[in-house]
**Q** 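Mind having a look at this structure? Questions to follow.
A, B, ... follow the sequence lines: proteins, then strands. Residue 1 opens every chain.
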Amino acid sequence: MTGTPTLYAAFAAKIDAALSALEAEGVLPPGLPRAGVSVEPPRDPAHGDLATNAALVLAKPAGTNPRALAEGLVGKLVDDAMVTSAEIAGPGFINLRLADAVWLGELRAVAALGADYGRSLLGAGRRVNVEYVSANPTGPMHMGHCRGAVVGDALASLLEFAGHQVIREYYVNDAGGQVDVLADSVYLRYSEALGVEIGEIPPGLYPGEYLKPVGEALAREFGDKYLEAPADEWRGLFRKRAVAAMMEQIKADLAQLGIHHDVFASEAELQRAGKPAEAEAWLRAHDLVYDGHLEAPKGKTVEDWEPVELPLFRSTKFGDDQDRPIRKSDGSWTYFGADLAYHMQKAEGADELIDIWGADHAGTVKRIKAAVAALSEGKGRPIPFDVKLVQMVQLLRGGEPVKMSKRAGTFVTLAEVVEEVGKDVVRFTMLTRKPEAQMDFDFAKVVEASKDNPVFYVQYAHARIHSTLRKGAAEGIEPSDRALERLGADELALVKLAAQFPREVEAAAKAREPHRIAFYLYDLAAAFHAFWNMGNDDPGKRILLADDRELTGARLFLAGQIGQVIRNGLGILGVQAVEEL
RNA sequence: GCGCCCGUAGCUCAGCAGGAUAGAGCAUCGGAUUCCUAAUCCGGGGGUCACAGGUUCGAAUCCUGUCGGGCGCGCCA
């Protein structure tokens, strides 16, 4: 595993050393808190390559004014060979300009590291379990699942790229009542396949056509063996077969989006293994589960409400509104009761847990966080646990909302959408919005106005680069780093932006926000397109120059490395970097 | 009633764990194509960052409250 050292980290160390030197000289009092000191690219490139707020942050505790402190620091920094100028600006920022050689070195680093450029050691090999999708196995994937699937998958890749060991996990809810409904629905299709007139699908069962092949397969295999049989004889079998068929379908749908999980954990197996009971015993022993009465639901009146004694988890101790039942009155596990045990199982194989959930499950975040905290801390191994909520996607077609109802069988499937607009568009679009904000997804727009789609913009930049490399090769000119010092300010600006990539990766990984990579790639593509177009106004600025093979080689080298960074970024997002459009 | 998320240009959205003059795309107006792919680029106009307080050298960003929108609030999953 390799890591890409960022320039910013290198300079943070230099500034730290300079501060220590000032302390040693008695200019600064010892022991100043340096946590707030940052080294960043200034928002306005005219200010320089790097800026630090050290003087602003430290002036007060040092009992001096920012400018005086800044002057002391600048005195230490100007001697550095990598620094060409250090200026004090505004209230006390220090702006640094770096030698061209530093940036050219970064460009060579891209070439040397290739697909590994931007990788980070940030994660230090920590095992992170990312659970995402986990759609109920009662039907094909629909668009409601799409955003969480893409965000979760991109986050997993991002964390991997940032040095974590990632487990991609899917929780199969194959134990609840909805699976019985599924089995009954399949039974109906089974009867239908044997020639029984079934008429309208009764309300409460899944009406979708997608269950027909499952019923037909069962009819082929078992004939009319179960047609007149009581439900106990076939339900277990039908459950199993139906779930298996649905999971096969779901995996196929996910594969179309380029998503593959490492682990599919079954709720039914978890229960058979007695995990929820183990968790309950432990929680009872620690007075975190007790038998008590549930309050009546808030917000709407429930007519048949009766208080019943149930085993409750003390989630109120952890900030939840009320204690939550882990078992139903018939003794079976609630979703939460099993989920709590499931999270403990995940925690055994990971150092950190992340769940990606739809916003409609926001109300259950507190209880599961409470449960993980109680169990992992109680057992002496606290596990960081984060639930990322992905907000709803409003599906539109030409501005009109698309109505979806799983019960009525009128939902838009993921497969349809991928078929219609393509995997790359779906993935990139889902990542051009921060996940905690709602988004609209308009088919008409995404398909028809494909040239307004950011994914094409980024891919076009990559394709242009490759077309240029091909053209150069046809003329016998290969990229070369021999004369990089001939690159000018316009080229270096591009290098500087490309050199942000490792920093963007780390920032995005820390914040768990893969969408930042998408926006960064858009910016990088824009910079490249702008650079390219300079050649339209001034032929001397083109990459391919008929009369200067040396400079052409250097520019091709530059272009090739920009392409490499775009590829690496798109790789994280799971979007293809095409070489031709 | 309570909890979570959101509120930034006419529209769709960024804003890098508090930084310098708040940025893109679309739309609109005006330009660039003897060209390495114009699916591109350059420029103009357009903002009380919902509102009101607070924290500090400094707030779109953090805290409190109000308003507006979304999601949720059963032993469902």
Side-chain angles (χ1 to χ4, degrees), chain A residues 36 38 40-44 47 51 53 56-57 59-60 65-66 89-93 95 136 138 173 175-178 267 294-300 302 304-305 308 310 319-322 324-330 332-337 339 358-366 389 391-392 394 432-434 436-440 442 445 449-454 456-457 459-461 463-465 467-472 475 500 503-504 507-508 510-511 513 515-516 519-520 522-523 526 528-537 539 542-545 552 555-556 559 580-581:
Chain A
S38 67
E40 305 176 315
R43 186 162 290 174
D44 183 351
H47 289 145
N53 62 353
L56 284 166
V57 177
K60 199 172 199 185
N65 72 68
F93 287 102
N95 291 328
N136 286 340
T138 55
N173 301 130
Q178 87 279 1
E267 182 183 3
L294 217 49
E295 294 166 42
K298 310 271 195 304
K300 55 179 167 182
V302 179
D304 57 349
W305 175 258
V308 182
L310 292 168
D320 201 357
D321 304 330
Q322 58 174 294
R324 306 292 176 174
I326 60 169
R327 276 194 279 165
K328 307 178 198 172
S329 49
D330 68 359
S332 67
W333 299 101
T334 62
Y335 182 85
F336 172 61
D339 201 28
D360 50 344
H361 290 76
T364 63
V365 171
K366 278 185 181 170
L389 290 177
Q391 288 292 330
M392 303 286 111
Q394 160 111 314
T432 47
R433 188 98 158 80
K434 57 182 176 203
E436 64 270 25
Q438 295 147 237
M439 83 183 289
D440 291 346
D442 194 320
K445 237 177 184 167
S450 58
K451 61 178 173 177
D452 293 334
N453 204 305
F456 290 100
Y457 186 82
Q459 287 181 322
Y460 182 39
R464 265 186 159 169
I465 287 166
S467 129
T468 313
L469 290 171
R470 282 193 300 270
K471 190 130 185 164
E475 289 169 25
Q500 300 294 316
R503 185 174 174 275
E504 292 289 340
K510 268 190 218 163
E513 291 180 348
H515 75 275
R516 288 194 197 182
F519 282 97
Y520 167 75
Y522 186 87
D523 288 344
F528 181 78
H529 285 309
F531 173 71
W532 173 280
N533 274 275
M534 281 186 224
N536 284 341
D537 299 332
R542 289 182 193 159
I543 295 171
L544 300 176
L545 301 166
T552 298
R555 285 183 179 169
L556 283 173
E580 278 178 75
L581 276 187

**Q** Say you pick atom C1' in B/A39 and the same atom in B/C16; how far apart are they, in whole Å?
**A**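 Comparing C1' positions in B/A39 and B/C16 gives a spacing of 29 Å.
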**Q** Using the six-membered ring wherever Trp is involved, compare the ring planes of A/Phe528 and A/Phe531 and label them parallel, tilted or perpendicular (cut-offs 30° and 60°).
**A**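 Judged by the thresholds at 30° and 60°, the geometry between A/Phe528 and A/Phe531 is tilted.
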**Q** Classify every nucleotide of nucleotides 9-23 of chain B by which part a protein heavy atom approaches to under 4.0 Å, writing B for the base, S for the sugar-phosphate alone and - for neither, in 5'-to-3' order.
**A** ----SSSBB-BB---
**Q** Starting at atom CD of A/Gln391, determine the distance to atom C1' of B/G7, rounded to an integer number of angstrom.
**A**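 Going from A/Gln391 (CD) to B/G7 (C1'), I get 13 Å.
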**Q** Starting from P on B/G72, measure out to CD on A/Glu436 and report it in whole angstrom.
**A**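 These atoms are roughly 18 Å apart.
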**Q** Starting the side chain at C-beta, find the nucleotide from B/C71, B/G3, B/A38 nearest to A/Asp360.
**A**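 In terms of side-chain proximity for A/Asp360, the closest of B/C71, B/G3, B/A38 is B/C71.
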**Q** Rounding to a whole Å, what distance do you find between A/Arg464:CZ and B/U40:C1'?
**A**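 To the nearest whole Å, that distance equals 4 Å.
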**Q** Using whole Å, what does the distance between atom P of nucleotide B/U40 and atom CD of A/Gln459 come to?
**A**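 Distance check: A/Gln459 CD to B/U40 P gives 13 Å.
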**Q** Just to verify, what does A/Asn53 make a side chain to side chain donor-acceptor pair (under 3.5 Å) with, not counting sequence neighbours?
**A**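 By the side chain to side chain donor-acceptor pair (under 3.5 Å) rule, A/Asn53 matches A/Ser38.
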**Q** Which of these nucleotides, B/C5, B/A39, B/C36, is closest to any side-chain atom of A/Phe456?
**A**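 Output: B/A39.
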**Q** What's the closest nucleotide to the side chain of A/Tyr457 if the choices are B/U37, B/C75, B/U40?
**A**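 When the side chain of A/Tyr457 is considered, B/U40 is the closest of B/U37, B/C75, B/U40.
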**Q** If the C1' atom of B/A14 is compared with that of B/G53, how far apart are they to the nearest Å?
**A**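 One C1' to the other, the span is 28 Å.
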**Q** Can you check the distance between B/G46 and B/G10, where both ends of the measurement are the P atom (answer in whole Å)?
**A**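 Taking atom P in both B/G46 and B/G10, they lie 11 Å apart.
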**Q** Could you state the NE2-P distance from A/His529 to B/G25, rounded to the nearest angstrom?
**A**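 Atom-to-atom, A/His529 to B/G25, this comes out as 12 Å.
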**Q** Looking at every heavy atom in both A/Ala89 and A/Asn95, which two are closest together, and how far apart are they?
**A**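 Shortest heavy-atom separation between A/Ala89 and A/Asn95 comes out as CB-ND2, 3.4 Å.
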**Q** On RNA chain B, check which nucleotide each of A/Gly363 and A/Glu267 is closest to and give me the residue with the more 5' one.
**A**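 Whichever sits nearer the 5' end wins; that is A/Gly363.
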**Q** Using whole Å, what does the distance between atom C1' of nucleotide B/G74 and atom CD1 of A/Ile326 come to?
**A**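 These atoms are roughly 17 Å apart.
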**Q** Does A/Trp333 make a side-chain N or O approach to OP1 or OP2 of B/C75 shorter than 4.0 Å?
**A**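 No, A/Trp333 has no side-chain N/O under 4.0 Å of OP1/OP2 on B/C75.
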**Q** What's the CG-P distance between A/Asn536 and B/A39, to the nearest Å?
**A**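 Rounded to whole Å, this separation is 12 Å.
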**Q** Say you pick atom C1' in B/G44 and the same atom in B/U48; how far apart are they, in whole Å?
**A**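 That atom pair is separated by 24 Å.
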**Q** Quick one: stems involving RNA chain B, counted as three or more successive Watson-Crick or G-U pairs, both distances short of 3.5 Å.
**A**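 For RNA chain B the paired stretches long enough to count as stems (3 pairs minimum) are B:1-7 with B:67-73, B:10-13 with B:23-26, B:28-32 with B:40-44, B:50-54 with B:62-66.
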**Q** Verify, without hydrogens or angle tests, whether A/Arg433 (side chain) and A/Gln438 (backbone) share a donor-acceptor contact under 3.5 angstrom.
**A**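 The answer is yes, because a donor-acceptor pair under 3.5 Å joins these two groups.
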**Q** Output the rounded distance in Å from CD (A/Glu580) to P (B/A39).
**A**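 So the CD-P distance, A/Glu580 to B/A39, works out to 15 Å.
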**Q** Can you see if the side chain of A/Thr334 gets near the phosphate of B/C75 - specifically, an N or O under 4.0 Å from OP1 or OP2?
**A**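 No, A/Thr334 has no side-chain N/O under 4.0 Å of OP1/OP2 on B/C75.
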**Q** Base, sugar-phosphate or nothing for A/Gly177? Non-hydrogen atoms, less than 4.0 Å.
**A**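 If one applies the 4.0 Å heavy-atom cut-off, A/Gly177 turns out to touch the sugar-phosphate alone, with no base involved.
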